[in-house]
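So the structure is just underneath, and the comments pick up after that.
The chain is numbered in sequence order, starting from 1.
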Amino acid sequence: NNLRVIARTSAFSFKHKNVDVREIGKTLDVSTLLEGSVRKSGNKLRITTQLINVADGSHLWANRYDREMPDIFSIQEDIAQNVATSLRGVLTNEEKEAIRRPETTIVQAYEYFLKGRQLFHQLELRESIKYFRKALELDPEYALAYAGLADAHAWLYEWEGAKNTDLVAATTNSKKALELAPNLSESHSSHGFALSLCSKYDEAAQEFTQAIRLNSNSYDAFYYYARLCFARGHMEQSAELFLKASEVRREDFQSILLLGQVYRVLNSDKAEDAFIEGVKRLRKYVELNPDDIRALSFGAGALLEIGNRDE
């Protein structure tokens with residue numbers, strides 16, 4: 001629970017760039033880097049990985065895997081376990097279970113799911129839906145793909161027209177994810193998000209609480225639960241949840257800036273510090289992602305809050 005992983009949108013901004021590990025670590029505010037490469041020839045894979053200590057550039061762990069494509073999940077599990085063990089020591093049975101991959105998932109379906117998630121985080125929502133559906137065509141019991149599909153439709157409903165078809169799709173797909181994987185945090189957070197859009201606040205709160213119980217580092221659960229509490233006027237709880245989200249993902253600017261807004265409503269003297277921290281994160285994020293319009297608009301509002309009108 002004490003490990004924090006940087007979001008791929010920030011980490012992957014260094015892809016194909018020849019930057020010193022110390023500089024990357026400083027920019028991302030991390031002490032350890034996992035880097036590697038994947039080569040594919042037909043059905044064969046060669047994966048190289050190395051875990052690097054940012055402070056001195058030393059290798060904490062390294063390995064090379066020459067396997068077949070169907071072994072991808074066991075490779076991922078092995079890498080995750082070795083990295084976690086290198087950083088934390090001996091893992092508990094519960095921690096080992098948490099990193100176990102769904103070995104029954106078809107590899108091609110998994111690839112479609114990953115493409116869907118990447119497009120989702122880039123806010124290419126309609127394109128992400130296509131890939132989640134492709135994943136489900138190959139594997140109709142893929143719970144994570146249903147959760148991803150639900151999230152994409154929920155975002156479309158919230159930001160692009162509030163069409164009832166998107167709300168129904170968000171609710172239906174999140175329910176399916178829950179049926180297939182009731183012990184998956186993502187299933188509960190997706191269903192909670194859909195329920196909150198239906199104004200079923202008590203039910204949504206129960207889902208978010210369960211999502212957090214299953215994964216105490218679930219950014220989505222904390223973030224969407226905080227928004228739910230804000231909508232209900234539960235400002236103190238909203239502040240606590242936005243703060244937790246900002247701690248789980250310390251490079252995230254949204255949660256800390258929304259926390260600042262909640263503090264403003266509460267007339268708290270913590271508001272300005274939250275906005276200053278949010279602007280700090282935004283500057284770093286925009287440096288890595290200069291074309292992110294949403295980040296720029298967030299930044300403009302935050303700068304206005306702290307009186308920096310010219311910037």
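- Using a 4.5 Å heavy-atom cutoff, the side chains of Glu35 and Ile52 are in contact.
- Panel note: side chain Ser218, backbone Asn215; no donor-acceptor pair is recorded below 3.5 Å.
- Contact of the Leu136 side chain with the Leu149 side chain is registered, since non-hydrogen atoms from C-beta on lie closer than 4.5 Å.
- Glu186 places a side-chain heavy atom less than 4.5 Å from the side chain of Leu144.
- Looking at Arg126 and Glu160, a side-chain N of the basic residue comes within less than 4.0 Å of a carboxylate O on the acidic one, giving a salt bridge.
- Aromatic ring centres of Phe113 and Tyr142: separated by under 6.0 Å.
- Tested against Leu197 for a side-chain contact (heavy atoms from CB on, under 4.5 Å), the candidates Tyr157, Tyr224, Trp155 yield a single pass: Tyr157.
- Within the structure, salt bridge (charged side-chain N to carboxylate O under 4.0 Å, His left out) contacts touching residues 211-223 (residues at least two apart or in different chains) do not occur.
- The closest side-chain heavy-atom distance from Glu111 to Tyr131 is not below 4.5 Å.
- In this structure the side chain of Gln261 never reaches within 4.5 angstrom of the side chain of Val265, judged on heavy atoms.
- One hydrophobic cluster, built from ILVMFWY side chains closer than 4.5 Å, cannot hold both Leu304 and Ile306; they sit in different ones.
- Between the Arg39 side chain and the Ile47 main chain, no donor and acceptor come within less than 3.5 Å of each other.
- Between the CG atom in Leu45 and the CZ atom in Arg67 there is a gap of 10.0 Å [rounded to 0.5 Å].
- Residues Asp151 and Arg117 are paired through a salt bridge, judged by an N-O separation under 4.0 Å between the basic side chain and the carboxylate.
- The shortest non-hydrogen separation linking Ala274 to Gly260 is CB-CA, 3.7 Å.
- Side-chain contact between Arg283 and Leu303 is present, with heavy atoms from C-beta onward closer than 4.5 Å.
- Contacts classified as ring-ring contact (aromatic ring centres under 6.0 Å, His included) and involving residues 251-279 (residues at least two apart or in different chains) are given here: Phe253-Tyr285, Phe253-Phe298.
- Counting heavy atoms from C-beta outward, His153 and Lys163 have side chains that stay 4.5 Å or more apart.
- Using a 4.0 Å cut-off between charged side-chain N and carboxylate O, Arg294 and Asp292 make no salt bridge.
- Looking at Ile129 and Leu156, their side chains come closer than 4.5 Å, going by heavy atoms from C-beta outward.
- Rounding to the nearest 0.5 Å places CG of Leu282 at 12.5 Å from CD of Glu287.
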